[in-house]
Protein chains: 2
Amino acid sequence: MSKSERTKQTIVAAALELFREHGYEATTMRMVAKHAGVSVGNAYYYFKSKDVLLQAFYREVHDAEVAAAEPALASAHSFRERLRAVLHSKLEVIEPYHRFSALMFRSAADPKSPLNPFHPDGRDVRRGGEALFARVVDEARPRVARDLAAELPGLLWTYSMSLVLFWIHDDSPERERSRAFVDRTTDLIATAVRVASNPLMRPLRKKALDLVRDLTPN
Amino acid sequence: MSKSERTKQTIVAAALELFREHGYEATTMRMVAKHAGVSVGNAYYYFKSKDVLLQAFYREVHDAEVAAAEPALASAHSFRERLRAVLHSKLEVIEPYHRFSALMFRSAADPKSPLNPFHPDGRDVRRGGEALFARVVDEARPRVARDLAAELPGLLWTYSMSLVLFWIHDDSPERERSRAFVDRTTDLIATAVRVASNPLMRPLRKKALDLVRDLTPN
DNA sequence: GTCTATAACCGGATAGAC
DNA sequence: GTCTATCCGGTTATAGAC
């Protein structure tokens, strides 16, 4: 690992530690630089903005989500159970960040932020999210209809973003409202998917999927 | 009107004008103060932050939306046409602000921002939005089932927020993708509402409405 | 007590020397 | 690649005018 690599890592590590402890806003670039033992200018040499550092944080959380979902995915078989398990483990992983999660979401909604899932630089973040839901769908038994299975990961990812939005505003004890949101909406979704997977529903399913394809970019 | 009232108005007017011309970020508080012929400190005496000024801007846009929807509401009768008309006129009203609309949405997503629809101080903004959709529903002929009509305004308001999110990321010429989004999704919604309004669907409808009520606060 | 102005603070970001 | 000095803009402290 080159020296520049190492410096970069040091800065990221310092930033993530401070973000976790004080939150995003309360962490200043001067603090990050000092904690990493470099100058402010140097921190900016490696990271164009504070937002980019936040993006690294976001990536780390995503990796933790994927890891936390692993055991659940190994044992749950039905689509419904797999989906529920993934979302509940996601809620557990992000719980410590509830205080300052709004910031993350705020940037995520801004088209100019690299954190924004629609933004080119943030594409891999989105890809990662969809990949997780692809695993939920692809290995589910009984199987989901093939044409539906192709679009579902993207749709479920969008749905999971709504869950996050709901969760951000959820101040109930133990975040029980968010957990109820998961339980009840996954039930609904699983029923819809099961009904839609019936061969007799193919024409209607096709119409709905065409709509989705026409409205999503790329 | 007292002098302080007038000063306040002057500042808001200056801010709105500059926001419209240069966008939110490019407009500095120093510019606002200068344009209004007051000192920076004075601007802050009347408005706690730049965000509050943005909120005034948001309110103005909302009022324009309501006004623009008026003629359409007077002539359209079916639920589907009323909904479509309101949303298309909304798109027209907000079009000039597409460049910097992300900012507005960004604040709206932040639980601590008064602009946020879930925030106590922003409640009237949300109320206003729902009131508009209540008019879409209540005067629609044929009628929407009563129990459904009670929940629809809130649901439609949420749906309109999704439309805005979609629109923010829409860079298609003439914003045609957003307009297609409206046409196709309103079709879907109107069909769903029509089917659900059938007396035979009452039990299923009740189940769905219970879910909605359980998951929305207040 | 209501209002207004100036000067400063703070933190994100950049320029330019080394 | 790294640093120091500086800019810029949101925000605040404070002093004082009416």
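On a predicted model such as this, the values are computed, not experimentally measured, just so you know. Lettering follows sequence order; numbering is per chain, from 1.
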Report summary line: On a heavy-atom basis, the closest approach of B:E174 and B:R179 is O-NH1, 2.5 Å
Report task. Decide yes or no for A:E130 and A:R127: does some side-chain heavy atom of the first lie under 4.5 Å from some side-chain heavy atom of the second? Result -> no
List, with names and distances, any nitrogen or oxygen atoms from the protein found under 3.5 Å away from nitrogen or oxygen atoms belonging to nucleotides 11-15 of chain D.
from   : atom 1 : to    : atom 2 : distance (Å)
D:dT11 : OP2    : B:Y44 : OH     : 2.8
D:dT11 : OP2    : B:K50 : N      : 3.1

Query raised in the report: In whole angstroms, how far is the P atom of D:dT4 from the NZ atom of A:K34?
Result: 12 Å
**Report entry** Rounded distance (Å) that lies between atom P of C:dG12 and atom CD1 of A:I11
**Finding:** 15 Å
Query raised in the report: Are A:T7 and D:dT2 close enough that a side-chain N or O sits under 4.0 Å from OP1 or OP2?
Result: yes
Requested in this report: Could you tell me whether B:F57 and B:Y24 have their ring centroids closer than 6.0 angstrom?
Outcome: no
Query raised in the report: Atom CG of A:N42 to atom C1' of C:dA13: distance rounded to whole Å?
Result: 14 Å
Report task. Starting at atom CG of A:L53, determine the distance to atom C1' of C:dA13, rounded to an integer number of angstrom. Result -> 14 Å
Query raised in the report: So A:R135 and A:E70, salt bridge (charged side-chain N to carboxylate O under 4.0 Å, His left out) or not? Walk me through it.
Result: CA-CA 10 Å; A:R135 291 201 49 206; A:E70 213 49 55; 2.9 Å; yes
Requested in this report: Output yes when A:D187 and A:R184 qualify as a salt bridge under the 4.0 Å nitrogen-oxygen rule, no when they do not.
Outcome: no
**Report entry** Any side-chain donor near an acceptor of the partner, B:D171 and B:H98, under 3.5 Å
**Finding:** no
Query raised in the report: Any idea which heavy atoms bring B:V144 and B:A149 closest together, and the distance?
Result: CG1-N, 4.1 Å
Requested in this report: Would you indicate what A:S39 reaches in the nucleic acid, counting non-hydrogen atoms under 4.0 angstrom: base, sugar-phosphate, or nothing?
Outcome: base
Query - Sugar-phosphate, base or nothing in reach of B:T27, heavy atoms under 4.0 Å - result: sugar-phosphate
Requested in this report: Could you state the atom-to-atom distance from NE2 of B:H22 to C1' of D:dG9 in whole Å?
Outcome: 15 Å
Query - Rounded distance in Å - OH (B:Y45) to P (C:dC3) - result: 5 Å
Query - A:Y46 side-chain N/O to D:dT2 phosphate OP1/OP2 under 4.0 Å - result: yes
Requested in this report: Take the protein atom CE of A:M31 and the nucleotide atom C1' of C:dG12, then report the distance between them rounded to whole Å.
Outcome: 14 Å
Query raised in the report: Does B:K3 put a side-chain nitrogen or oxygen below 4.0 Å from OP1 or OP2 of C:dT4?
Result: yes
